[in-house]
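Here the structure comes first, spelled out in structure tokens, and everything after it is commentary.
Heavy atoms only: backbone and side chains are in, while hydrogens, waters and symmetry mates are out. Each chain gets a letter, A, B and so on, in the order the sequences are listed, and its residues count up from 1.
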Number of protein chains: 2
Amino acid sequence: MAASVRDVAERAGVSVGTVSNVLNSPGKVAPATAERVQAAIDDLGFVRNDAARQLRVGRSHSIGLVVLDVRNPFFTDVARGVEERAAAEGLSVLLANSDERADREAAHLELFEEQRVRGILISPVEEVLPLLQGLRNRGIPSVFVDRLASTPGWSSVSVDDVRGGRDAVEHLLARGRRRILFVGGPLDLPQVRDRLEGARAAVAGVDDARVDVLPVTGLTMAQGVAAGRQILALESRPDAVVAGNDLIALGVLQGVALNGGIRVPEDLAIVGYDDIDFAAAAAVPITSIRQPRERMGALALELLLEQLDGKEPRQIVLQPELVVRASSG
Amino acid sequence: MAASVRDVAERAGVSVGTVSNVLNSPGKVAPATAERVQAAIDDLGFVRNDAARQLRVGRSHSIGLVVLDVRNPFFTDVARGVEERAAAEGLSVLLANSDERADREAAHLELFEEQRVRGILISPVEEVLPLLQGLRNRGIPSVFVDRLASTPGWSSVSVDDVRGGRDAVEHLLARGRRRILFVGGPLDLPQVRDRLEGARAAVAGVDDARVDVLPVTGLTMAQGVAAGRQILALESRPDAVVAGNDLIALGVLQGVALNGGIRVPEDLAIVGYDDIDFAAAAAVPITSIRQPRERMGALALELLLEQLDGKEPRQIVLQPELVVRASSG
DNA sequence: CGACGGGATTGAATCGTTTCAGTCGTTGTC
DNA sequence: GACAACGACTGAAACGATTCAATCCCGTCG
């Protein structure tokens, strides 16, 4: 059905090699010939079959990106950074969504390997090193995004989440808050764990301050709303919430707003994480810990390219930045 | 480097045909043999080369989805609907971002054709029928998403945007608003045009009511913020804004909030469009026109499958739903 | 005038999988 | 005991592009 180089060659009265040259090394072919070939291509509506090309060349021109949740603006911003840098390099990006589930993550990695992607950027759910080690052995390097490589010898771009968590709580302490509730999960997610660790570290030296944990099963607005409702029902309410990310924070804000009795920030301060665009537009603009989202994406691709160039893997750790808004009054 | 079926076959002491059967039609092969082959696969870390498979089979197992803006939650929700339905069908989804630019849209379509996707779902920037007609001639069907196919003979899933625009304005009129400003763009985007048309239709019979237009260059929050600032500077301010989508609405809300003088909704009512999750979480919860986002995605894939089954293209038009919140008082 | 050089072109080999007609060996039937 | 039937397995052909050694052609130079 679809035209092939052979058809084009025949119609233009040249060999397949010449058609291929027109496609891949114009300049190697005489202008007159090139023109004739181009005409044949247009006539037949020829479009090169990438599968055949890839098979012959032995590699694709795409890279895989696995994120925890495409519906989280944080990740679409990261993806944007990746894509921009990738496009400049002539690479296309395959975007996959693990939904914070290890099985989906593994399935996507498998698919990516079948596609023979050049490399993989991943915001991992949990321990995927064995899988990634296998990929590396077979020539596919990877880079951790939004997560420090726990083992040396692996590339990563991350933000110091422990510090981010600490900054959030220290800010709250400075505002006089003492009964802090960390709302986030799943708790085996490294990002969440680190932020919580930082939060706990911040209260360590402060006698009357404490951090409790309200675990949720996912970093979504819906989970935040549910958490907000639970907070309303608590006997002794916290005076501040540190959320695992901005979606949770927005959700909590909505959840507690259902009860007119609780005011933000007077009765309950809220600090989010990521500083997505929507944080500033919230009912009460959310204080948040900003991560350089697009930059992380671009840097991750950079590290991947380095590895493809044979350079050593390395880790980049960026610093988060506290952005104070009304929610922490 | 990477192991091939031939390597596996050799190691397992069988022919390549048998290896292929283990992969694709287990059941055709004796349990003992299958086990031996599987062991060889595991030993060698064999992963099937999808390019070769595709080349031989003649088609891929993926479909392409082109959206106007991946950072708009509306589209990630649609994408989610598509993906879920696609996964159930064993198809994977290639997600591409046109950023409301016709050249990027065309480039992505070209790439998709090179990949020999089974079909394409697209939320088009402008007139792409010629391109899509070419694709169809070469065996790749497509479905319009979030946009009514203007020509019969094409599949589409859309929402009645004219009605949505009218509902928005009628609601505002009922609340006593008269000087309505439509903020949206680019104006050649069908969705925007239709919503504006509906808005104008609503005031047609009302003497003292009018709809002005403040055009923006893209449906983003940043554009909305800029528009909000412009509104502050207007000599005669509108008493209501109908936004092209929720991102614009959120932006306008932020933009006008910079000036303590304007209160929403007292001085300025705002109605958005799409009803993304963030609309409800906004500074002033945004009244919006809800579209069934995930459902649109799932239905679009459904229509694509129908075409792949040889059925006739058809159009599905869904009805929008006004969701009243605080921003329209 | 013949040899040389070099740009343009050719076409067979190749990538790794699936497919399918055919072989092999065993079991069951009459 | 011959033959059919059947399941398991084989292996060569095919998919469509790229690559590269070989060939062709033509102008130039000695």
**Request:** Please state whether the base of D:dA14 and the side chain of B:Arg56 form at least one donor-acceptor pair under 3.5 Å?
**Result:** yes
**Whole angstrom value for the distance that separates P of D:dA14 from CG of A:Leu55** = 17 Å
**Message:** By the 4.0 Å heavy-atom rule, please label B:Arg6 as base, sugar-phosphate, or nothing.
**Reply:** base
**Asked** Between B:Val57 and B:Asn21, which has a closest nucleotide on DNA chain D that is more 5'?
**Response** B:Asn21
**Message:** How many whole angstroms separate atom CG of A:Asn49 from atom P of D:dA14?
**Reply:** 18 Å
**Prompt:** Heavy atoms under 4.0 Å, any strand shown: does B:Ser4 hit a base, just sugar-phosphate, or nothing?
**Reply:** sugar-phosphate
**Asked** So what does A:Val29 touch, heavy atoms closer than 4.0 Å: a base, only the sugar-phosphate, or nothing?
**Response** sugar-phosphate
**Fill in**
Judged by nearest nucleotide, the residue sitting upstream toward the 5' end of DNA chain C, B:Ser25 or B:Ala52, is B:Ala52
**Asked** Is the phosphate of D:dC15, meaning OP1 or OP2, less than 4.0 Å from a side-chain N or O of B:Arg53?
**Response** no
**Item:** Start and end of the DNA chain C segment that chain B contacts, any atom under 4.0 Å from a heavy atom
**Value:** C:dG16 to C:dT19
**Message:** By the salt bridge (Lys or Arg N to Asp or Glu O under 4.0 Å) test, which pairs, at least two apart or in different chains, include something from residues 63-76 of chain B?
**Reply:** A:Asp77-B:Arg71, A:Glu294-B:Arg71
**Request:** Please confirm whether the backbone N or O of A:Asp146 pairs with a side-chain atom of A:Ser158, one donor and one acceptor, at under 3.5 Å?
**Result:** no
**Fill in**
To the nearest angstrom, the CD-P distance between B:Gln54 and D:dA17 comes to 13 Å
**Request:** Kindly determine whether A:Arg101 and A:Asp103 satisfy salt bridge (Lys or Arg N to Asp or Glu O under 4.0 Å), including the steps that lead there.
**Result:** CA-CA 6 Å; A:Arg101 281 171 42 189; A:Asp103 58 332; 3.0 Å; yes
**Prompt:** Donor-acceptor pair, A:Asn72 side chain versus A:Phe74 backbone, under 3.5 Å?
**Reply:** yes
**Item:** Side-chain heavy atoms of A:Val82 within contact of A:Ile63, under 4.5 Å
**Value:** yes
**Message:** Once you apply a heavy-atom cut-off of 4.0 Å, does B:Val14 come out as touching a base, just sugar-phosphate, or nothing?
**Reply:** sugar-phosphate
**Item:** Touch class at under 4.0 angstrom, heavy-atom based, for B:Asn24 against every strand present
**Value:** sugar-phosphate
**Prompt:** What do you reckon, is CD of A:Glu35 surrounded by more than 12 foreign heavy atoms closer than 6.0 Å?
**Reply:** no
**Request:** Using only side-chain N and O atoms of A:Ser20, determine if any of them is under 4.0 Å from OP1 or OP2 of D:dA17.
**Result:** no
**Message:** Looking only at side-chain N and O atoms, does A:Ser155 offer a donor or acceptor that is under 3.5 Å from a partner on A:Gln307?
**Reply:** yes
**Request:** Between A:Leu23 and B:Gly17, name the one whose nearest nucleotide on DNA chain D is closer to the 5' end.
**Result:** B:Gly17
**Prompt:** Starting at CD of B:Glu35 and ending at P of D:dA8, how long is that distance when rounded to a whole Å?
**Reply:** 15 Å
